[in-house]
Amino acid sequence: MNQSFEKSLYNWRLRLANINVMSEELRATRIEKAEQLKQLGMNPYAYGWKSTHHAAELQAKFAELPSGEEVEIEVAIAGRIMARRVFGKLAFFTLQDETGSIQLYLEKKRIQEHMGSEDAEAFEHLKQLTDAGDILGAKGTIKRTEKGELSVYVQEYTMLTKSLLPLPDKWHGLTDVAKRYRQRYVDLIVNPEVRDAFRKRALVTAGMRRYLDQRGFIEIETPVLNSEAGGADARPFVTYHNTLEMELYLRIATELHLKRLIVGGFEKVFELGRIFRNEGISTRHNPEFTSIEVYQAYADYSDMMDLTEALITTVTQEVLGSLKITYQDQEIDLTPPWRRVTMHDVVKEKSGLDFTQFATVEEAKAAAKQAGLHDIDKCESIGRILNEAFEQTVEETLIQPTFILDYPVEISPLAKPHRSKPGLVERFELFIVGRETANSFSELTDPLDQRDRLEAQAARKAAGDLEAQGVDEDFLTALEYGMPPTGGLGIGIDRLVMLLTNSPSIRDVIAFPLLKPEKGEPEET
RNA sequence: GGGCUAUUAGCUAAGUGGUAAAGCAGCCGCCUCUUAAGCGGAAGAGCGUAGGUUCAAAUCCUACAUAGCCCA
C-alpha cells in the first residue's frame, strides 16, 4: 500500500464522519484542550449540573436592573458558549440555553478569589481551554454591565462538555440549506427560529390531542405494517417479514383500521401519527409525514366541517395568539365561518364550465379542452374531468380557508353517496394558501357498495395504476357486521405547521427530512 | 421525469482564461465594559467528481453527484 493511497483512505474516513481534513487541525487542538482539562482534574464530559435559572428567566426577572448595578443573589446557569470576547484580565461569554441567552461577566479577580484555593490559574485556564461551542456551567451573582448587558458575574465555572468541532460563522451563521437539513443539530444550535418552529409544532399536536381528549375522543394506535395498503390513493413502501415470509406494506393512511374501531363500538377515535407514501420529494412532500385522522359515530361531513374549523382555530389561537396570520407575504384570516362551496359551483365560477350540463364524457372533454385545460384525454369519466378542471383552475386560487364540497364518486371510493346529488359523494377538502390541508367525508357504511368500489379500484390497480387500492377483505367483513353512520376527517399536520410557522418548505417543519445519502465513498477499504 | 441555478479554507465568501482575495473561527502576542470587541503576527484551499479544449482552466465544453427553485 503506497502512501498516497493511505492518505486518501484516511481522508475518506474523515469525510464519513462529517469531518474534513482541514478541520482536523482545529479538532486536534480541541482534543488537546480536553486532555489538559483532564490533567487539571476537570472532567471535560461532566455528569450533571444543577441550574437555578434559565437565561430567559433571568432576563425577565432583572429587566429593570439599571446599568452598572449588581444584585447579591446567587445563581447557577448552564448553556453553550456562542461567542467569546476575551481581554487580558476580563472576558465576556455569550451563553445560550434552550430559552435564550445571557452574558457571562468573567473577571480574573473574582474568579481567582472563588476558585483560587484549588487552582490559582483558573482564569487563564478559562481563556485557554474554552472555545465557542463548549457547554459550560457557571455560578455567580447578577450584574448589568456599564454598557447595559445583563450578565452573570461569575465566581465559579465548570466545563460540562468540551466541543471538538467549530461552530459556523458567528455572523453569517449556517446558510447552506443542504447542510442545515443534514446536520439539523448544528442548524438548531445557531438558528433559534428553527427551534421555535419545532416548539410550535409540538404545541399544535399537543393542542389537538387536548382538544379531542376534552371532547371524549380517544387515541388508538393502529398498525404501521399492513398486508394490504389502503385508505388512500398512493404507492406504499414495501418491506418483508422474515419468519412470516411475507411482504408487508407501510401504511399510507390510518383510515381503515380506525373505522374497524368504530365498528367495534368506539364512538369517537383518532390517531395522530406517521404515514408513509412512496412518492417524490418536494417543498410540499416528504415520504414520511404526519396526519391526524378523526372518526365520530353518528356524525356526517357537515359535523366534521365544524370540527375542522374548531380544531384548527383552537390550535392556531393557542400557538399564535391570533387567527390572522401572514404566510409568505399573504394575509390569511382563519376567523370562522370559512367559505363553503361545492366543487361544481367553484369550477363554474373560475373556469366557466358547468359540469351539470354535460351528458357524455366526450361532451365534457370537448368543453374542457375548449377552456384550455390539459391532460384531459387520460380522464375516463366526467367526474375525473371535473377534478382536473378543479385542480387546474381553482386549487391555487384558494388562499383563504375554503371548504370544497361534494366530490365525484369516482375519485372517492370510501365516501358515502350524496344524499341528494347523484354521482357525487358527501366529501369535503379544506384548502388554505392553495394547498389541500384537510380531507373528510361521511363514511361509506354500505358493505356491498364498498365492495363494488374497492373492486373497481383493484381493477385499476391490476391495469397498472400504482396508486389504486386493493381489496381489504377484512375491512369489508367488518363493515358487514355494521358500522354506524360516521364522519371521518384527516388533517395534514406538516402543512398546517408550515402555515403557522410561515415555513416555505415542508423540510422546515420536519426535524430530519429524508435526503439522498451523500455521495459515495471508495468501494474497497 | 424536465428546465434553471448553485457547489472555492471549518463557516461566510471574492475571483469570467495567466502565481487562488478577504472576514470570522482556530494558533501566537497585547489588552478590565465587550456584545460581528480591538490591535499586531504566523498558518490554513484536492476550487463538488471525472473527462475534454488550450501554451495555460476555479473560469470554456461534456458527463456525473448533491442541493435549491420552478414545471409535470
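Order of the sequence lines fixes the chain letters, A, B, ..., with proteins taken first and strands second; residue numbering starts at 1 for each chain.
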Runs of at least three Watson-Crick or G-U pairs with RNA chain B, cut-off 3.5 Å: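 Ordered by first number, the stems with RNA chain B (at least 3 consecutive pairs each) read B:1-7 with B:65-71, B:10-12 with B:22-24, B:27-30 with B:38-41, B:48-52 with B:60-64.
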Side-chain donor or acceptor of A:Tyr407 paired with backbone N/O of A:Ala415 under 3.5 Å: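 Not a single qualifying donor-acceptor pair exists.
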Among [options], the one nearest [X] by side-chain distance:
| X | options | answer |
| --- | --- | --- |
| A:Leu26 | B:U32, B:A25, B:A67 | B:A25 |
| A:Lys109 | B:U32, B:U35, B:G26 | B:U32 |
| A:Lys143 | B:U35, B:C33, B:A25 | B:C33 |
| A:Glu149 | B:U32, B:U35, B:G26 | B:U35 |
| A:Thr145 | B:G26, B:A72, B:U35 | B:U35 |
| A:Tyr105 | B:U35, B:U32, B:A67 | B:U32 |
| A:Asp375 | B:U35, B:U32, B:A72 | B:A72 |
| A:Pro168 | B:U35, B:C11, B:C69 | B:C11 |

Lys/Arg cation over aromatic A:Tyr153: A:Lys143, 6.0 Å, 45° cone: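 Yes - A:Lys143 lies over the ring of A:Tyr153, closer than 6.0 Å to its centre and within 45° of its axis.
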Aromatic ring proximity, centroids under 6.0 angstrom, A:Tyr249 and A:Phe237: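 No - the distance between ring centres of A:Phe237 and A:Tyr249 does not fall below the 6.0 Å cut-off.
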Between A:Phe390 and A:Phe431, ring centroids under 6.0 Å: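 Close enough - the centres of the two rings lie under 6.0 Å apart.
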Salt bridge (charged side-chain N to carboxylate O under 4.0 Å, His left out) between A:Arg30 and A:Glu32, intermediate numbers included: CA-CA 5 Å; A:Arg30 292 196 179 199; A:Glu32 173 57 28; over 6 Å; no
Rounded interatomic separation in angstrom, taking CD from A:Glu146 and P from B:U32: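 Rounded to the whole Å, the gap is 14 Å.
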Value in whole Å for how far the C1' atom of B:U32 lies from NZ of A:Lys108: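 After rounding, the gap between these two atoms is 11 Å.
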N or O in side chain of A:Lys33 less than 4.0 angstrom from B:C27 OP1/OP2: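 Yes, within the criterion.
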Test salt bridge (Lys or Arg N to Asp or Glu O under 4.0 Å) applied to A:Asp131 and A:Arg27, A:Lys162, A:Arg80, A:Arg84, the passing residue: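 Among A:Arg27, A:Lys162, A:Arg80, A:Arg84, the one meeting salt bridge (Lys or Arg N to Asp or Glu O under 4.0 Å) with A:Asp131 is A:Lys162.
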Sugar-phosphate only, base, or nothing, as touched by A:Thr94 at under 4.0 Å among non-hydrogen atoms: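 A:Thr94: no heavy atom of the nucleic acid under 4.0 Å.
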Euclidean distance, A:Thr145 OG1 relative to A:Gln103 CD, rounded to 0.5 Å: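 Reported to 0.5 Å precision, the distance equals 6.0 Å.
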Selection: residues 78-93 of chain A, any non-hydrogen atom under 4.0 Å of RNA chain B: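 Only A:Arg84, A:Arg85, A:Val86, A:Phe87, A:Gly88, A:Lys89, A:Leu90, A:Phe92 qualify.
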